[in-house]
Amino acid sequence: MKPLIYSISLFLTIVLFLSCESTFMEPDPGTSNRDIFNEYTNIVKQKYAMLEFKNVDIVELQSKIGATITENTTQAELFNALGSITLSLRDGHSTIQKEDTLIGYDFTEGYPPGFDIEILNNNYIATSTNSQMNRITAEGDEEIIIAVYGNLPQDEQLAYLRIPSWDVIITDEQIENIFASFANAKGLIFDIRQNTGGNPVLATKFASYLTNDVVFIGEERFKTGPDANDFSNSKAFLKPANSEVRFTRPVAVLTDRYCYSASTTFVASVNPLERVTIIGQRTGGGSGSVGDGYLANGWKWSLSTSEFIDYQNNNLDDGFDPDIPVLLDLQTTDKDEVIERAIMELQ
Amino acid sequence: MIKSILISFFCCFMCIVVTDAQNIVGAESNRNSFFLSLGSTNSSFQDVKYSNVKYSGLLVSFGLGYNSNSIKRIWELGLQANISRETASTYDNGKATMLNPIIYFTYLKPVNKTFYVGVRIDAVDLYIRSIEGLGNNGSYLLNGSHLYGTAMVNVDLSKSLKLQGTVNIGLLSYQKEGTSFAYFAPQNVLESEVFDYQDQAITNIFGYKYFELRNITNNLNIRNGIHLQYKKMSIGYDWSLKYFATVKSYPVTIGIHNIVLRYRF
């Protein structure tokens with residue numbers, strides 16, 4: 001009798017549990033115009049980390065713009081309504097995308113160019129100008145430059161390193177080789193102009209070659225829950241690279257308005273170092289970490305879900321002012337004023 | 001540390017069982033066999049931290065392993081991989097690919113002729129989803145090891161037809177979810193008051209530093225199955241459920257169904 005009871009009990013248990021995960025799941029969200037509007041504005045309200053810093057009253061926007069959303073609202077009008085909320089954040093990381101159409105804030109608008117590749121190539125780093133300059137290119141595509149490094153013809157005791165993007169793959173060995181080649185340099189010009197970001201881990205790895213000490217660089221405040229005060233207060237430190245070839249002599253970091261996201265992480269990481277001087281243009285900012293997802297109608301959102309407060313208590317999302325502001329003069333094509341100012345500083 | 005203890009426990013357990021099994025192989029070699037399995041997987045997923053939209057899809061599962069059956073005990077060591085291609089319930093873009101390899105071990109002792117109890121250990125249970133079109137949240141990672149309490153009924157329907165039903169209830173899990181409330185880093189990392197981009201354990205799926213121990217009260221983990229065996233072939237239906245929340249009120253639900261054909265060599 002007992003085996004039969006065991007058997008019946010077990011099979012009943014199995015039948016009870018079969019396919020029941022749907023009972024644990026929340027119901028699908030609605031996809032009406034109002035549902036989509038509410039879903040997006042709630043995501044902004046709960047996940048966007050800088051409503052206070054950007055002075056955005058999301059509840060008021062929900063109410064004001066929401067009043068115009070009805071079931072007669074066209075998809076284009078609804079998309080523009082969500083886009084207006086996105087633009088109110090003034091944040092290049094925050095976008096709303098419908099198929100091939102994207103609405104996002106242009107953080108470079110109103111800023112003059114701070115970089116010209118022709119001027120740089122013709123006067124400093126092109127192989128024809130400077131045979132000592134080395135290049136690391138992407139595997140399988142030599143057109144994609146990962147790093148340019150070497151000595152400058154204007155002063156061979158000064159090293160130059162250009163990283164055009166942090167969204168690249170570079171090995172630890174390659175990074176070691178770069179810094180090993182700077183062993184005899186009295187100063188380093190670290191050019192990250194036009195570097196719109198990528199992997200903050202890589203940016204921090206390069207920064208770690210510029211210090212011998214653990215340095216407090218600020219706090220990254222991540223959203224950890226839906227309420228307005230649900231933030232982490234995560235202290236951030238720059239730790240020295242585990243390397244013999246760290247560069248601990250004076251460094252000039254060159255910036256322009258296109259320095260964004262992971263480049264701001266890099267600047268925030270090296271700015272506390274006394275030997276480092278930031279030269280050029282105000283950076284683009286974008287100091288928050290980014291989360292993304294889809295709304296219930298398939299439109300894609302991305303938002304800054306953290307804010308970075310540097311060691312001097314500055315929120316860096318709107319940009320970082322250089323120690324020495326320098327504008328590029330596009331009329332004089334025989335020199336890059338930002339590099340020239342850095343050479344002067346390091347000499 | 002806890003991971004090391006679990007792995008040590010698993011290894012010791014394996015040594016004892018394999019030693020035991022060698023004795024059984026001599027006496028009852030006809031009841032020890034390698035097996036291969038092939039079937040279909042139907043998976044579903046919902047992470048309320050990001051959306052209430054459910055994902056579900058179908059593809060394939062396969063497995064291999066070694067099974068030992070004796071009067072005194074049943075044990076099985078196996079690898080199973082579930083793969084599926086999921087679609088969101090309310091839109092067509094942003095499809096997801098799910099990969100779920102599991103290395104498991106089951107050990108059961110008979111209570112009587114038909115009823116067995118024991119444990120199952122999922123030494124590795126890796127759940128990876130890749131979502132098209134997304135950036136930082138384009139991957140969802142859940143890596144863990146689990147200890148289950150197991151009950152099995154083995155009924156001989158005829159001389160060559162056997163029905164087997166199994167219930168595994170997760171008792172302990174040691175796991176790491178790669179995504180937090182709003183960012184691609186574990187929630188416990190963000191709540192630890194220090195965030196270090198140079199800390200590779202944050203993004204490394206095997207970064208044990210941020211694994212956490214969860215139990216049946218905060219991590220529902222169930223695996224059930226019914227298998228009908230005819231001589232060397234069996235057909236079975238397995239179902240697993242994971243339901244947990246690293247952020248309060250924002251649960252993750254994962255369901256995986258398999259219909260599998262198994263052949264014992």
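Naming: A, B, ... by sequence-line order, numbering from 1 per chain. Computed over heavy atoms, backbone and side chain alike; hydrogens, waters and symmetry mates excluded.
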*Asks:* With a 6.0 Å cut-off (strictly less than), is the heavy-atom count around OH of B:Y230, excluding the residue itself, greater than 12?
*Replies:* no
*Asks:* Verify the neighbour count for atom CG of A:N313: are there more than 12 heavy atoms of other residues, nucleotides or ligands below 6.0 Å?
*Replies:* no
*Asks:* Given the options A:A236, A:G225, A:A49, which has more heavy-atom pairs under 4.5 Å with chain B than any of the others?
*Replies:* A:G225
*Asks:* With a 4.5 angstrom heavy-atom cut-off, which part of A:K239 approaches chain B: side chain, backbone, both or neither?
*Replies:* both
*Asks:* Give, as side chain, backbone, both or neither, the part of A:P226 having an atom under 4.5 angstrom from any heavy atom of chain B.
*Replies:* both
*Asks:* Look up atom CG in B:D47 and atom CD in A:E26, then write down how far apart they are to the nearest 0.5 Å.
*Replies:* 11.5 Å
*Asks:* How about B:F181 and A:T305: do any of their side-chain heavy atoms sit closer than 4.5 Å?
*Replies:* no
*Asks:* Where does B:F184 contact chain A at under 4.5 Å (heavy atoms): side chain, backbone, both or neither?
*Replies:* neither
*Asks:* Report yes if the side chains of A:F24 and B:L220 come closer than 4.5 Å at any heavy-atom pair, otherwise no.
*Replies:* yes
*Asks:* Please indicate whether A:E244 has more than 12 foreign heavy atoms, meaning atoms of other residues, nucleotides or ligands, lying under 6.0 Å from its CD.
*Replies:* no
*Asks:* If we only count heavy atoms from C-beta on, is the A:E220 to B:Y197 side-chain gap below 4.5 Å?
*Replies:* yes
*Asks:* Heavy atoms, side chains only, cut-off 4.5 Å: are B:S51 and A:E39 in contact?
*Replies:* yes
*Asks:* Can you tell me which portion of A:S306 sits under 4.5 Å from chain B's heavy atoms? Options are side chain, backbone, both or neither.
*Replies:* neither
*Asks:* Does B:E191 reach the main-chain N or O of A:S232 with its side chain, forming a donor-acceptor pair under 3.5 Å?
*Replies:* no
*Asks:* For each of A:G293, A:G291, A:S289, tally heavy-atom pairs with chain B at distances under 4.5 Å, and name the one with the top tally.
*Replies:* A:S289
*Asks:* I need the residue from A:I217, A:V201, A:V290, A:L303 with the largest number of non-hydrogen atom pairs under 4.5 Å to chain B.
*Replies:* A:V290
*Asks:* Grab the two heavy atoms, one from A:G298 and one from B:N93, that are nearest each other, plus how far apart they are.
*Replies:* O-ND2, 2.9 Å
*Asks:* Need one label for A:N233: side chain, backbone, both or neither, based on atoms under 4.5 Å from any heavy atom in chain B.
*Replies:* both
*Asks:* Given a strict heavy-atom distance threshold of 4.5 Å, which part of B:Q187 is in contact with chain A: side chain, backbone, both, or neither?
*Replies:* side chain
*Asks:* In terms of relative ring orientation, are A:W301 and B:Y50 parallel, tilted or perpendicular, with 30° and 60° separating the classes?
*Replies:* parallel
*Asks:* Under a 4.5 Å heavy-atom cut-off, does chain A meet the side chain of B:V48, its backbone, both or neither?
*Replies:* side chain
*Asks:* Is atom CD of A:Q174 surrounded by more than 12 heavy atoms (other residues, nucleotides or ligands) closer than 6.0 Å?
*Replies:* yes
*Asks:* Without swapping roles, check the side chain of B:T90 against the backbone of A:A296 for a donor-acceptor pair under 3.5 Å.
*Replies:* yes
*Asks:* With a 4.5 Å cut-off on heavy-atom pairs, point out which of A:T204, A:L238, A:D230 contacts chain B the most.
*Replies:* A:T204
*Asks:* Check each atom of A:L202 against the heavy atoms of chain B and say whether the ones under 4.5 Å are side chain, backbone, both or neither.
*Replies:* neither
*Asks:* Just checking B:E132: does its CD atom have more than 12 heavy atoms from other residues, nucleotides or ligands closer to it than 6.0 angstrom?
*Replies:* yes
*Asks:* Taking all non-hydrogen atoms of both residues, which atom of A:D28 and which atom of B:S89 are closest, and how far apart?
*Replies:* OD1-OG, 2.8 Å
*Asks:* So for atom CG, which belongs to A:D227, do other residues, nucleotides or ligands contribute more than 12 heavy atoms lying within a distance under 6.0 Å?
*Replies:* yes
*Asks:* Who among B:N136, B:V53, B:L190, B:L241 has the most heavy-atom pairs with chain A under 4.5 Å?
*Replies:* B:L190
*Asks:* Before you tell me yes or no, could you show the steps for A:E21 and B:S44 under side-chain contact (heavy atoms from CB on, under 4.5 Å), namely the whole-Å CA-CA distance, both residues' side-chain angles and the distance that decides it to 0.1 Å?
*Replies:* CA-CA 8 Å; A:E21 78 262 13; B:S44 53; 2.8 Å; yes
*Asks:* Heavy-atom pairs under 4.5 Å with chain B are the metric here; pick the option from A:E219, A:E99, A:K223 that has the most.
*Replies:* A:K223
*Asks:* What distance separates B:S56 OG from A:M25 CE, expressed to the nearest 0.5 Å?
*Replies:* 8.0 Å
*Asks:* How about CD on B:Q200, more than 12 heavy atoms from neighbouring residues, nucleotides or ligands closer than 6.0 Å, or not?
*Replies:* no
*Asks:* Which heavy atom of A:S208 sits nearest a heavy atom of B:Q198, and at what distance?
*Replies:* CB-NE2, 3.3 Å
*Asks:* Could you tell me which portion of A:T31 (side chain, backbone, both or neither) has an atom closer than 4.5 angstrom to a non-hydrogen atom of chain B?
*Replies:* side chain
*Asks:* If you count heavy-atom pairs under 4.5 Å with chain B, which of A:S269, A:P27, A:G30 comes out on top?
*Replies:* A:P27
*Asks:* Heavy atoms only: give me the nearest B:N137-A:D292 pair and the separation to one decimal.
*Replies:* OD1-N, 2.7 Å
*Asks:* Please determine if A:K47 forms a cation-pi arrangement with B:Y183, meaning its NZ or CZ atom is less than 6.0 Å from the six-membered ring centre and no more than 45° off the ring axis.
*Replies:* no
*Asks:* Search all heavy atoms of A:Y294 against all heavy atoms of B:Y91 and return the closest pair with its distance.
*Replies:* CB-OH, 3.2 Å
*Asks:* Could you look at B:Y116 and say if it's the side chain, the backbone, both or neither that has a heavy atom under 4.5 Å from chain A?
*Replies:* neither
